[in-house]
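The structure presented is a predicted model; accordingly, all values stated were derived computationally and were not measured. Below, read A as the first sequence line, B as the second, and so on, with proteins coming before strands; counting in each chain starts at 1.
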Protein chains: 4
Amino acid sequence: MASPTQKHDWRYRLHEIIFEADTPGGKAFDVMLIVSILMSIAVVMLESVETVRQQVGHELRLLEWGFTILFSIEYLLRIVTIRKPHRYIISFYGLVDLIAILPTYLSLLFPGGQYLLVIRILRILRVFRVLRLVLYLREGEVILQALRGSRRKITVFLFAVVTLVTIIGSLMYMIEGSENGFTSIPAGIYWAVVTLTTVGYGDIAPVTILGKFLATVVMIMGYSIIAVPTGIVTAEVAQVYKFIDKQSTQACRECSLEGHAKDATYCKYCGAKL
Amino acid sequence: MASPTQKHDWRYRLHEIIFEADTPGGKAFDVMLIVSILMSIAVVMLESVETVRQQVGHELRLLEWGFTILFSIEYLLRIVTIRKPHRYIISFYGLVDLIAILPTYLSLLFPGGQYLLVIRILRILRVFRVLRLVLYLREGEVILQALRGSRRKITVFLFAVVTLVTIIGSLMYMIEGSENGFTSIPAGIYWAVVTLTTVGYGDIAPVTILGKFLATVVMIMGYSIIAVPTGIVTAEVAQVYKFIDKQSTQACRECSLEGHAKDATYCKYCGAKL
Amino acid sequence: MASPTQKHDWRYRLHEIIFEADTPGGKAFDVMLIVSILMSIAVVMLESVETVRQQVGHELRLLEWGFTILFSIEYLLRIVTIRKPHRYIISFYGLVDLIAILPTYLSLLFPGGQYLLVIRILRILRVFRVLRLVLYLREGEVILQALRGSRRKITVFLFAVVTLVTIIGSLMYMIEGSENGFTSIPAGIYWAVVTLTTVGYGDIAPVTILGKFLATVVMIMGYSIIAVPTGIVTAEVAQVYKFIDKQSTQACRECSLEGHAKDATYCKYCGAKL
Amino acid sequence: MASPTQKHDWRYRLHEIIFEADTPGGKAFDVMLIVSILMSIAVVMLESVETVRQQVGHELRLLEWGFTILFSIEYLLRIVTIRKPHRYIISFYGLVDLIAILPTYLSLLFPGGQYLLVIRILRILRVFRVLRLVLYLREGEVILQALRGSRRKITVFLFAVVTLVTIIGSLMYMIEGSENGFTSIPAGIYWAVVTLTTVGYGDIAPVTILGKFLATVVMIMGYSIIAVPTGIVTAEVAQVYKFIDKQSTQACRECSLEGHAKDATYCKYCGAKL
């Protein structure tokens, strides 16, 4: 794809270092990038801790600006060295790269906005490309495929859950009332979600006997309800597995029967060589 | 189904707008209806928040009456325009439509009853028909079929759970006693349900060593118990999938019955070649 | 099995009423029995509620004694009318029937023992026999078979969980210490169980940063661990299903191929009548 | 494997007692060992309870030292009697045996270190060998195989969860702030993990309306997310089952290779008739 003249082009060499990971320079760049990202996230997290902020808050802010300027330069270099900049800018990675530098600049206008910098963690996704974890990506693909396959069913299920918690939440608001923490219907819905998902904070809990009875029914119901998405996703994962299994099947040239194991050399029905 | 004279009947045209969704008028009506339902639910929710009620409570009550009168007119029009009104009235949608307007009138007699209006959320189910989300309905059908298939097993399972929590709850009441929050056997059962379903509010928690030990056993037991409904539903979903897979759409040319396996060469009902 | 002379025997007739459910008398007896059991459990539960006990405690105690004497007479009649009393006495139902009357008598010696009467709920299992819910029993059999099949795996799994919570609990005791609620290693283990099973009461929760970090790791680990028993039980349920499916398979007498649907009349491979 | 002269060797006999479990002496030794381990763990646990420590703390410390010296002697004997000591020392059991005695000695330098003795519970794993619970080990093997098969998918999943909780935790820190318990981003992440895993202690819970709304979304999301690892593990367990099912124990008479499918007529490796 690259003409000989391009080989000596600085843009071409920079592009190879920044975008590719198969040259020593490219790999070193990517490793350094991931370390920088992790460190910059650590800086943001530390800054949010008040005792740390009081002691070294100024130094952390400086570090933060350092990382942001570094990533800004990297972002500009990416735009400069790529052949079709607009395609990179509107790509997933391009948007993440932009969002990862914006919060620091925004924090000049809106103090506190720098905490959005944790979005930088999305940049870590590059790690899969750098460390050649292609196998892992393929496995992640199985999960995504199963989720995609169950998308519609999960949507219908969530719709049913939203309907259910609205009705349960309103009933609880009427039964328990403001004096027992159920201050409004939305508060009742919040309680219903906390209960049905078995999170159970305990910040709002039924007090009256009728309320406790309804809560008991909701919890036991939630027991069966939680089984539904699990059942759907499991069945989908199994479908994806079956599909992968089937794909590798070959037919015997003699008896044309299928269903041979992947390691088979001879047809198990007629003995002919596969 | 409609005779030429009916075409010009106002009832016929109203019926088409109110009940069907394939004419522009019918679609517009349904979209407006769904927006009205969502807004009326929002009004009820807002009214339940005390700070909002104190400021604009009167206006919200007026809006509520407005929506109710609107829905009442719609309900009457539905009865007037349909050919067999009694069938609509006792149908699922008919009952929901009625229940969705009653609470406001009831609130004249029983203040607070208007919160039951959230039941209007059930009317939203029409959204699937309006937006032609037939695909979603079919997916929901898979869930329903799996739940129907596992209905009896889930019933037996819930029966076992109720027996279990009754015994555990009584034991805990005897072990912990009123001074540790287990004020009665029903309270103990409430705790047992909260624990076994892994909700764990923490409003009642064991205090004595023996109580904590029993709680530990119950929790680890609950670990395995929660697996049972999930296992049942998952297996049912897989059954439904397998059934869909196997069922070829091919009908026999002799007896015109469907439901043949995909690898079938002969009709399994009459023996004719497919 | 009954000789003509036995037909007129009072023992024989009583046996039929008490043990069988296919005569009108037997059915009426069983229904009355179940109602009595449910009422006696309700009495025990009500008695445990302090406000109720203070008002009608005496009456409830009398009712309790009434039910116990009734069940005692029934127990004696069962022994008298059955042909092999010792087999009934040591059977599951016989033991439950005995345990269901003992607590009232024991409560004379140990006050509070009467709450053990809730064990009477086990007698409700007869309901399946009375209401001819044979179908439900068969479904329950599927659950039991799946649990039996996964028994060993669940045991190994629980062994691993016990090992894990012991180690985690000790670590948390050392990290957090008595001042943060982790008063001893058993307390730490209790916390570990509460956390790993996702119950999460919140009566003990980590306070130090290291403790919270370990808790985070434990929780995310628990996420994957909870998947194991579910996976095992689900796979077992699927096995049971497959077994039931296979059992009903018949082979064609012409081509001797199997795999026909249950409703098939003709072989799907060669068209011969099955 | 043992020459006649070795038979009378004390080392050989000791080796048989300590390492094997098929002689009466060996079995007695193993049973005693397991009892000692359980007792020594009980001693450590009891010592951690303050009321017990104040009363018999001194005696428990003596017992602890007694067990440690006993296990130290056992450890030395194992090294002396085995033919290749270095292989034992670096084996899993060898390391566990060493770790199981170190904490007592370390507690001389670092008080409190003796609580690490609970690691001795890992030695209990020998119980499976002693009680000839080979069947259980094979079942455990199924679990391990399923976990190994889903290792990569679980890793990708956990990576996604870590990314998710970081972003959610930061958002909640910005929404709720220090005054509502979300004192820093790590605290927010801790809350996100507690919520997403449905543990829900309630030590930190959202207070603002926006925070509660986000929490509701996170919880309902967690509902679907918890389904993913379960789906993966279940599908893997099913795969392992299928593999065991398919694998017939039949070996080819020509090439003596195993692993043929049950319906195979010809060896899939060399084509010979089975």
Side-chain angles (χ1 to χ4, degrees), chain C residues 150-157 159-160 162-164 166-167 169-171 173-174 177-178 183-189 194-207 209 212-213 215-228 230-236 238-239 242, chain D residues 41 44-50 52 112-113 115-119 121-122 124-125 127-128 133 135-140 142-143 146-147 150 154 157-158 161-162 165 186-187 189-190 193-194 196-203 225-226 228-238 240-241 245:
Chain C
S150 53
R151 189 170 24 94
R152 284 208 196 103
K153 274 181 224 68
I154 296 284
T155 306
V156 172
F157 172 74
F159 190 91
V162 168
T163 306
L164 201 63
T166 307
I167 294 171
S170 308
L171 276 176
Y173 167 65
M174 288 168 66
S178 297
T183 50
S184 63
I185 289 179
I189 293 172
V194 167
T195 302
L196 212 63
T197 57
T198 76
V199 171
Y201 287 131
D203 52 349
I204 315 179
V207 177
I209 289 173
K212 282 188 175 178
F213 181 75
T216 306
V217 173
V218 170
M219 281 181 268
I220 289 184
M221 218 164 59
Y223 222 53
S224 309
I225 285 176
I226 216 164
V228 174
T230 308
I232 294 167
V233 172
T234 304
E236 283 295 336
Q239 289 289 94
K242 222 199 271 172
Chain D
I41 292 169
V44 176
M45 285 192 183
L46 280 174
E47 208 209 322
S48 77
V49 183
E50 207 175 356
V52 174
Y115 298 125
L116 285 172
L117 284 170
V118 291
I119 207 86
I121 204 169
L122 284 180
I124 296 292
L125 288 173
V127 86
F128 284 110
L133 304 173
L135 275 173
Y136 283 82
L137 278 184
R138 211 180 301 155
E139 304 272 352
V142 172
I143 298 177
L147 285 178
S150 52
I154 297 285
F157 172 74
L158 290 184
V161 166
V162 168
V165 294
I189 293 172
Y190 169 74
V193 171
V194 167
L196 211 64
T197 57
T198 77
V199 170
Y201 288 131
D203 52 350
I225 286 176
I226 215 164
V228 174
T230 308
I232 294 167
V233 171
T234 304
E236 283 296 337
V237 173
V240 174
Y241 271 47
D245 267 18

Which portion of [X] sits near chain C, non-hydrogen atoms under 4.5 angstrom:
X: D:Val165; result: neither
X: D:Val44; result: both
X: D:Leu147; result: side chain

Is it the side chain or the backbone of [X] that comes within 4.5 Å of chain D heavy atoms, both, or neither?
X: C:Tyr201; result: backbone
X: C:Ile189; result: side chain
X: C:Met174; result: side chain
X: C:Val199; result: backbone

Below 4.5 Å, heavy-atom pairs only: which of C:Ser170, C:Ala227, C:Gly169 has the largest tally toward chain D?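 Looking at each option in turn, the highest pair count goes to C:Ala227.
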
Gap between atom CG of D:Leu196 and atom OH of C:Tyr223 - 0.5 Å precision: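 It is 4.0 Å, given to the nearest 0.5 Å.
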
Any chance you could measure D:Phe157, atom CZ, to C:Ile220, atom CD1, to the nearest 0.5 Å?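 If I round to the nearest 0.5 Å, the distance is 9.0 Å.
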
Let's go through D:Glu50 and C:Thr183 carefully: what are the C-alpha distance in whole Å and the side-chain angles of both, what is the deciding distance for side-chain contact (heavy atoms from CB on, under 4.5 Å) to 0.1 Å, and is it a yes or a no? CA-CA 7 Å; D:Glu50 207 175 356; C:Thr183 50; over 6 Å; no

Can you name the nearest heavy-atom pair linking C:Ser184 to D:Val49, along with the distance?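 Answer, listing the atom of C:Ser184 first, then D:Val49: CB-CG2, 3.6 Å.
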
Most chain C-contacting option - heavy-atom pairs closer than 4.5 Å, from D:Thr198, D:Asp203, D:Val161: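 The residue among D:Thr198, D:Asp203, D:Val161 with the greatest pair count is D:Thr198.
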
Among D:Thr230, D:Val237, D:Thr197, who wins on heavy-atom pairs under 4.5 Å with chain C?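 Highest number of pairs under 4.5 Å: D:Thr197.
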
